[in-house]
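For the single chain, residues carry numbers from 1 onward in sequence order.
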Amino acid sequence: MKKISNFKNKKVLVLGLAKSGESAARVLKALGAIVTVNDGKPFDENPAAQSLLAEGIKVITGEHPIGLLEEAFEVMVKNPGIPYDNPMVVRALALGIPVITEVELAYLISESPIVGITGTNGKTTTTTMIAEILNADGQVAKLSGNIGFPASDVAASSSSDERLIMELSSFQLMGIETFRPHIAVITNVFSAHLDYHGSQVNYEAAKWRIQENMTADDYLVLNFNQEKLRHKAGQSLAKIVPFSTTDETKNGAYIADGGIYFKDERIMAVADLSLPGEHNLENALAAICVAKLSNVSTEAIISILTTFSGVKHRLQYLGQKSTIKFYNDSKATNILATQKALSGFDNQKLWLLAGGLDRGNGFEALSSDIAGLKGMVVFGETAPKLRELAEQLNIPVFESETVATAAQLAYEQATPGDTILLSPANASWDQYKTFEQRGDLFIDAFSKLEEK
């Protein structure tokens, strides 16, 4: 960790805890800052606040008193999820207090070069792919950021011969000032988080901030399947490295003759990728760009991309039983996510497991995506609606009580060469606390299946 003096003897307010706030508070204290933490959760229900207090950090919990900002703070480190119209943030900005997020702090203390990945979809998968490829090549690549490992915490324990592979949300990028990755990736940009940003323009501007401090010595990897990102390419000082599944982008990664290329080098066959779907092909192309810019061997790339099982609960490949493949996509809590998952499979050999919390919507939007399925097993509150749709499309359909019994039932009906996909198209809260719990039960059910 760089022993910077930016915060020494300065009064810093950390607004909001969670993992990133807790990490930021500790790093700031180590840098000599006079730290105050303010979190809305009551103290007796707040283990993080209790720990920080025991370490000598001032904590104020249970409310966000505006008057606290009269204590001459010089910096506010804001939890990314707290919007900018929050009264505390509004008041801080009015008082001229800089408001940053924890990733800015991570950049300031990091001795390691940073690879930053953002985008609407595919961030977590691409980030994980990149880290695994670099590590397979013998480099030391550490996951950090929005992927679940506080960026400042990882940066504090990293050295100059390591790399931080940092997933970045639009919320985090709103709070940067000097943050500058050596390599940045924008996987894609669609409509999202408009309640936070107020408009699509603001959301896209937040994503674009990933490159605002980059120079001609840095690399910006962009999805040239999207015209808006092609257009943006000319607005960055960084060297542009494109990827596309539709055009031969000779300065980056592309598809030709059934193969994946980087510049003039054939890396591998498209058919050898372990994860199905056009979106995962895009993720792989982005990861290859970063790998090649990082001087990774082609052998290391192939070794990961031919075996990569995906991020847990995100189209995760579990394995086979009696040559029947199983995929866990429990994170597909809406119709759009399930549509994307379905796009990577042959419906004639696919069994879809779906169902969950009934939010009052219908599922007609899935009709063209599930047409021709070999079968469905439905469960949860929405089982009757999904069953009705399947019957209208002449798809064999079975109803089950839980995701675990659904896995067993689908396995009994499937034949060798089939695929069983859990992609619920619904939230889990009718039966399970989280989509993770739902996915874990599916994984457990798969592990207990016996070969036919």
Side-chain angles (χ1 to χ4, degrees), residues 1-7 75 98-119 123 126-127 130-131 133-134 139-142 144-146 151-152 154-155 158-189 202-224 226 228-244 249-253 262-263 285-296:
M1 179 174 80
K2 292 179 183 176
K3 296 295 184 180
I4 60 173
S5 59
N6 305 45
F7 303 99
V75 179
V99 177
I100 63 173
T101 51
E102 178 250 1
V103 294
E104 174 71 12
L105 175 63
Y107 170 74
L108 292 171
I109 65 170
S110 179
E111 297 179 10
S112 307
I114 295 172
V115 178
I117 300 95
T118 195
K123 295 187 298 296
T126 304
T127 300
I130 291 168
I133 291 170
L134 266 60
Q139 302 185 33
V140 180
K142 294 183 175 181
S144 59
N146 196 55
S152 58
V154 180
S158 299
S159 60
S160 59
D161 58 351
E162 299 170 335
R163 289 186 185 229
L164 300 190
I165 314 302
M166 193 178 295
E167 180 183 325
L168 296 159
S169 70
S170 58
F171 302 166
Q172 290 170 316
L173 290 169
M174 285 285 287
I176 64 168
E177 291 183 348
T178 62
F179 180 86
R180 176 189 166 193
H182 176 52
I183 302 174
V185 178
I186 302 180
T187 60
N188 48 62
V189 180
N202 291 342
Y203 170 66
E204 292 182 11
K207 290 293 190 187
W208 190 241
R209 292 197 70 185
I210 194 171
Q211 60 74 53
E212 70 179 26
N213 296 309
M214 296 175 77
T215 71
D217 295 326
D218 304 314
Y219 298 92
L220 177 59
V221 179
L222 291 179
N223 186 346
F224 268 34
Q226 289 198 300
K228 66 176 65 178
L229 290 179
R230 284 178 181 257
H231 176 72
K232 282 279 193 181
Q235 301 174 25
S236 178
L237 296 178
K239 296 185 182 75
I240 302 300
V241 182
F243 67 91
S244 175
T249 52
K250 295 294 188 179
N251 291 323
F262 182 79
K263 296 186 176 178
L285 291 176
I288 287 169
C289 288
V290 174
K292 282 300 181 181
L293 293 172
S294 304
N295 300 313
V296 169

Under 3.5 Å donor-acceptor, [X] side chain and [Y] backbone:
X: Gln139; Y: Ser294; value: yes
X: Gln235; Y: Lys232; value: no
X: Ser160; Y: Ser112; value: no
X: Glu177; Y: Glu104; value: no
X: Arg163; Y: Pro113; value: no
X: Asp218; Y: Ala238; value: no
X: Lys239; Y: Ala216; value: yes
X: Gln211; Y: Ala184; value: no

Q | Atom of Lys207, atom of Gly119 and distance for their closest heavy-atom approach | A | NZ-O, 3.0 Å

(Q) For a quick test of reading the model, state the closest non-hydrogen atom pair linking Leu105 to Phe7 and the distance between them. (A) CD1-CE1, 3.7 Å

Q.
Side chains of Ser152 and Glu102: any donor to acceptor distance under 3.5 Å?
A. yes

Q) Would Glu111 and Ser158 count as having a side-chain donor-acceptor pair, cut-off 3.5 Å? A) no

(Q) Between Val241 and Phe262, does the side chain to side chain contact (heavy atoms under 4.5 Å, CB included) criterion hold? Intermediate values first, please. (A) CA-CA 10 Å; Val241 182; Phe262 182 79; 4.1 Å; yes

Q: To the nearest 0.5 Å, tell me how far Leu220 CG sits from Leu237 CG.
A: 10.5 Å

